[in-house]
Amino acid sequence: MSSLPEVHRRALDATAQIVDRIDAGQLDHPTPCESYDVRGLLNHVVSGNWWVQPLVQGTTIAEVGDKYDGDLVDDDPSGAYRASAAAAADAFEAEGAMQAPVGVSYGPVPGEVYAGHRLIDVLIHGWDLAVATGQERTLDPELVEACWDVVRPQAEMLKGSGAFGTEVSVADDADSQTRLLALLGRRADR
């Protein structure tokens, strides 16, 4: 298994391939993440990526303020995503980033915890974007397993957070991707 920063970068890269194939006519399509259309979800992911560097470097949420609010995608979703993804990946790969205390909205946590949550966010929202734009939705099995490594010890907290949706029932013999998506409120058969 790769290190968490390496797996996070791979998830960013996988989602970049999906974002690269989104055309302007799809930006208003609904997504499985019901509160967002494609543009809104792209902005959510891009903003989340931009938050990584300042938070890992010790900047507070109050100090960042509204810097990453609004439309960050504009007319270049791919460029906006790739720039933010590179900054996030570099921040988590910096020496000491996994141990650094990060002042996120749910309390100070080690960078490793924050990186795990960003891994889940990037990979699952990449799947959401693929579904919304009619793209291949099979996730890299190694990235799915890396997400499970993060999710398993925090499953109850994640389910209760409201960040991903209400858990969906699936068959006991469902594959790992289907079970992960279901836990995070998504139907793999969409």
Side-chain angles (χ1 to χ4, degrees), residues 2-57 59 61 64-94 97 102 104 111 114-147 150 163-165 177 180-181 184-188 190:
S2 301
S3 71
L4 186 53
E6 290 171 311
V7 172
H8 173 257
R9 183 179 287 276
R10 285 181 52 204
L12 289 165
D13 291 346
T15 297
Q17 292 176 29
I18 294 164
V19 174
D20 287 347
R21 291 188 294 267
I22 296 172
D23 70 48
Q26 296 174 313
L27 293 173
D28 63 350
H29 286 196
T31 71
C33 193
E34 294 178 5
S35 57
Y36 293 112
D37 63 8
V38 170
R39 178 182 287 282
L41 190 54
L42 280 167
N43 274 299
H44 168 76
V45 175
V46 167
S47 174
N49 287 341
W50 282 122
W51 273 95
V52 173
Q53 184 175 30
L55 291 180
V56 168
Q57 292 176 347
T59 305
I61 291 171
V64 174
D66 62 2
K67 181 176 182 178
Y68 303 120
D69 291 353
D71 186 7
L72 302 173
V73 172
D74 199 27
D75 62 353
D76 185 11
S78 184
Y81 176 83
R82 285 185 175 277
S84 71
D90 290 348
F92 280 137
E93 291 170 356
V102 180
V104 294
Y114 182 41
H117 293 168
R118 291 298 308 145
L119 164 67
I120 296 166
D121 197 63
V122 168
L123 189 67
I124 300 304
H125 287 322
W127 182 86
D128 290 334
L129 292 167
V131 170
T133 58
Q135 297 184 47
E136 172 59 44
R137 56 187 74 176
T138 302
L139 300 171
D140 178 328
E142 289 181 12
L143 295 177
V144 169
E145 289 309 312
C147 278
V150 173
F164 288 100
Q177 175 176 316
L180 178 66
L181 292 168
L184 300 174
R186 278 132 177 97
R187 296 182 54 88
R190 288 186 76 110

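Just so you know, these numbers come straight off a predicted model, no measurement behind them. Residues take their numbers from the sequence shown, with the count starting at 1.
- Taking CD of Gln26 as the reference point, atom CZ of Arg39 lies at 12.5 Å (rounded to 0.5 Å).
- At least one side-chain heavy atom of Ile61 sits less than 4.5 Å from a side-chain heavy atom of Trp51.
- Here the closest heavy-atom approach between residue Ala146 and residue Val7 is recorded as CB-CG1, 3.3 Å.
- Take Thr59 and apply the side-chain hydrogen bond (donor to acceptor under 3.5 Å, both in side chains) test, not counting sequence neighbours, and it matches no residue.
- Looking at Trp127 and Leu123, their side chains never come closer than 4.5 Å, going by heavy atoms from C-beta outward.
- Across every non-hydrogen atom of Tyr81 and Leu12, the tightest pair is OH-O, 2.8 Å.
- The shortest distance between side-chain heavy atoms of Thr133 and Arg21 does not fall below 4.5 Å.
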Yes or no on side chain to side chain contact (heavy atoms under 4.5 Å, CB included) for Asp90 and Arg9, after CA distance, side-chain angles and deciding distance? CA-CA 9 Å; Asp90 290 348; Arg9 183 179 287 276; 2.8 Å; yes

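- Considering only heavy atoms from C-beta on, Ile22 stays 4.5 Å or farther from His29 through its side chain.
- Side chain of Asp74 to backbone of Asp76: no donor-acceptor contact under 3.5 angstrom is found.
- At least one side-chain heavy atom of Leu27 sits under 4.5 Å from a side-chain heavy atom of Leu42.
- Of the residues listed (Asp37, Leu72, Val38), the one engaging Asn43 in a side chain to side chain contact (heavy atoms under 4.5 Å, CB included) is Leu72, and it is the only one.
- In this structure, CG on Leu181 lies 11.5 Å from CZ on Arg187, to the nearest 0.5 angstrom.
- Between His125 and Thr31, every side-chain heavy-atom pair lies at or beyond the 4.5 Å cut-off.
- Residues that satisfy the side-chain contact (heavy atoms from CB on, under 4.5 Å) test with Arg10, not counting sequence neighbours, are Ser2, Asp140, Glu142, Leu143.
- The two residues Ala97 and Ala91 have their closest heavy-atom pair at CB-O, 3.2 Å.
- A heavy-atom distance below 4.5 Å is found between the side chains of Arg186 and Cys33.
- Side-chain contact between Asn49 and Tyr68 is absent, with no heavy atoms from C-beta onward closer than 4.5 Å.
- Between the CD1 atom of Ile120 and the SG atom of Cys147 there is a distance of 5.5 Å, given to the nearest 0.5 Å.
- The line from OH of Tyr114 to CG of Asp121 is 9.0 Å long, rounded to the nearest 0.5 Å.
- Between Val131 and Pro32 the shortest heavy-atom distance is CG1-CG, 3.7 Å.
- Heavy atoms only, all atoms of each residue included: Val45 and Arg118 are closest at O-NH2, 3.6 Å.
- Closest of all the heavy-atom pairs between Leu119 and His8 is N-CD2, 3.9 Å.
- Within the 3.5 Å criterion, the main-chain N or O of Ile18 finds a donor-acceptor partner in the side chain of Gln135.
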